[in-house]
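Whatever order the structure lists ligands and atoms in, that order sets their numbers, starting from 1. These numbers come from the heavy atoms of this one structure, side chains and all, not from hydrogens, waters or symmetry mates. Position 1 is the first residue of the sequence; numbering continues from there.
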Amino acid sequence: MLSLVSLFAIASIAVPTALAHGGVLSYVNAGNWYQGWAPYNSPTGQTTIQRPWSTYNPITVATDPTIACNDDGTSGALQLTATVAAGSAITAYWNQVWPHAYGPMLTYLAQCPGSTCTGVNANTLKWFKIDEAGLLSGSIGDGYWGSGKMIDQNSSWTTTIPSSVPSGNYLIRFETIALHSLPAQFYPECAQIQITGGGSQAPTSDELVSFPGAYSASDPGLTVDLYANNAKTETTYIIPGPPLYGSGTGAPAPAPPTTAAPTSTSLPSSTVAPPSTTSTAAGTIAQYGQCGGSGYTGPTGCAAPFTCQKLNDYYSQCL
Ligand SMILES: *[C@@H]1O[C@H](CO)[C@@H](O)[C@H](O)[C@H]1NC(C)=O
Ligand SMILES: [Cu+2]
């Protein structure tokens, strides 16, 4: 017992938050194992398909600027990309044993412009959801959730890359959201993959979202109270984010440009104010939320005091 206690103490010192939180530490696809980024090691020399992240702590702001690929989510100096066949399964492993059994599992893809995702800012991409699991059975308060299933699966989650997804370079974003306390806790990590042998079904415009922008603090799926009186009888849970890839009803969205976006020497055009005649949706988008961009069809009005600012042709954000 004493030795166990000592080990426990040592582990606690090495990674102070490991017991309560964490993230995706490795991946497996087609029998190949890929070590993830080690957030508590020196960045120097780390070679991995995963985008770097810095802490086991969760993101707790639905519109946080780092919610796409965690903090900071930029490419590593020795960034790798895994080649993944369309139609194959990819598994993400969280740290063992994942502690949060109440909340959904979600997996997204975002296609990168150009010939690699390396160097591409995840916040400029359009994401679509290829997998989700919310409340699987029982009630909000004591039911079986996607994240409970993840724990039962050796703290891992397996998503099949749809065979209809066009070939190309993508970020894959595995996420678990923990709802045991509010605000909800987001645990997203991204990896770079090149999908080969894909199909020709581009996501539709209503399936595509930005991070930040896809979630809002007031989303029904992010505000559930597990301890409320009705939580033991409520069996409906609305998973956050867009409709699943393949279930949207919008028109096919234009594919990202196949060449890198031109580097402009001029500053992005300044504040693009939403038209003052815009309807009810105007004035509700939170800071960092998307308010415009090519293919974007959502509301355009930012909540005061923020204004809609164009970052590039594909993304305008409330800042
Ligand atoms: C469980 O996951 C760990 C990685 O976290 C892996 O090394 C181990 O092989 C897995 N065990 C099984 C039975 O899949
Ligand atoms: Cu935690």
Short N or O distance, Asn154 and ligand 1, threshold 3.5 Å exclusive: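 For ligand 1, there is an N or O atom that lies under 3.5 Å from one belonging to Asn154.
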Metal proximity, Ala178 vs the Cu ion (ligand 2), N/O/S cut-off 2.8 Å: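 Checking the Cu ion (ligand 2) against Ala178, no N, O or S atom falls under 2.8 Å.
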N/O/S atom of Tyr187 inside 2.8 Å of the Cu ion (ligand 2), strictly under: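 For Tyr187, the answer is yes, given that an N, O or S atom comes within less than 2.8 Å of the Cu ion (ligand 2).
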Aromatic plane relationship, Trp127 with Phe211 - under 30° parallel, 30 to 60° tilted, over 60° perpendicular: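 It falls in the perpendicular class, over 60°.
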Identity and separation of the nearest protein heavy atom to atom 5 (O) of ligand 1: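 Result: Gln96 NE2, 3.1 Å.
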Residue and atom name of the nearest protein heavy atom (relative to atom 4 (C) of ligand 1), distance in Å to one decimal: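 For atom 4 (C) of ligand 1, the nearest protein heavy atom is Tyr93 CD2, 3.7 Å.
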Side-chain donor-acceptor pair present, Glu189, Tyr187, cut-off under 3.5 Å: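 Glu189 vs Tyr187: no donor-acceptor pair found between side chains.
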Any side-chain donor near an acceptor of the partner, Thr107 and Glu175, under 3.5 Å: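 No, Glu175 and Thr107 have no side-chain donor paired with an acceptor closer than 3.5 Å.
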Atom of His21 closest to the Cu ion (ligand 2), considering N, O or S atoms: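 The atom in question is ND1.
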Shortest-distance N, O or S atom of His100 relative to the Cu ion (ligand 2):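 His100's closest N, O or S atom to the Cu ion (ligand 2) is named NE2.
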Asn229 atom CG: more than 12 heavy-atom contacts under 6.0 Å: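 Open.
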Non-hydrogen protein atom less than 4.0 angstrom from atom 9 (O) of ligand 1: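 Protein heavy atom within 4.0 Å of atom 9 (O) of ligand 1: absent.
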Atom 14 (O) of ligand 1 protein-contacted, heavy-atom criterion under 4.0 angstrom: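 Looking at atom 14 (O) of ligand 1, one finds that a protein heavy atom does lie closer than 4.0 Å.
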Validation row, ring centre [X] to ring centre [Y] under 6.0 Å:
X	Y	value
Tyr40	Trp37	no
Tyr108	Tyr245	no
Trp157	Tyr93	no

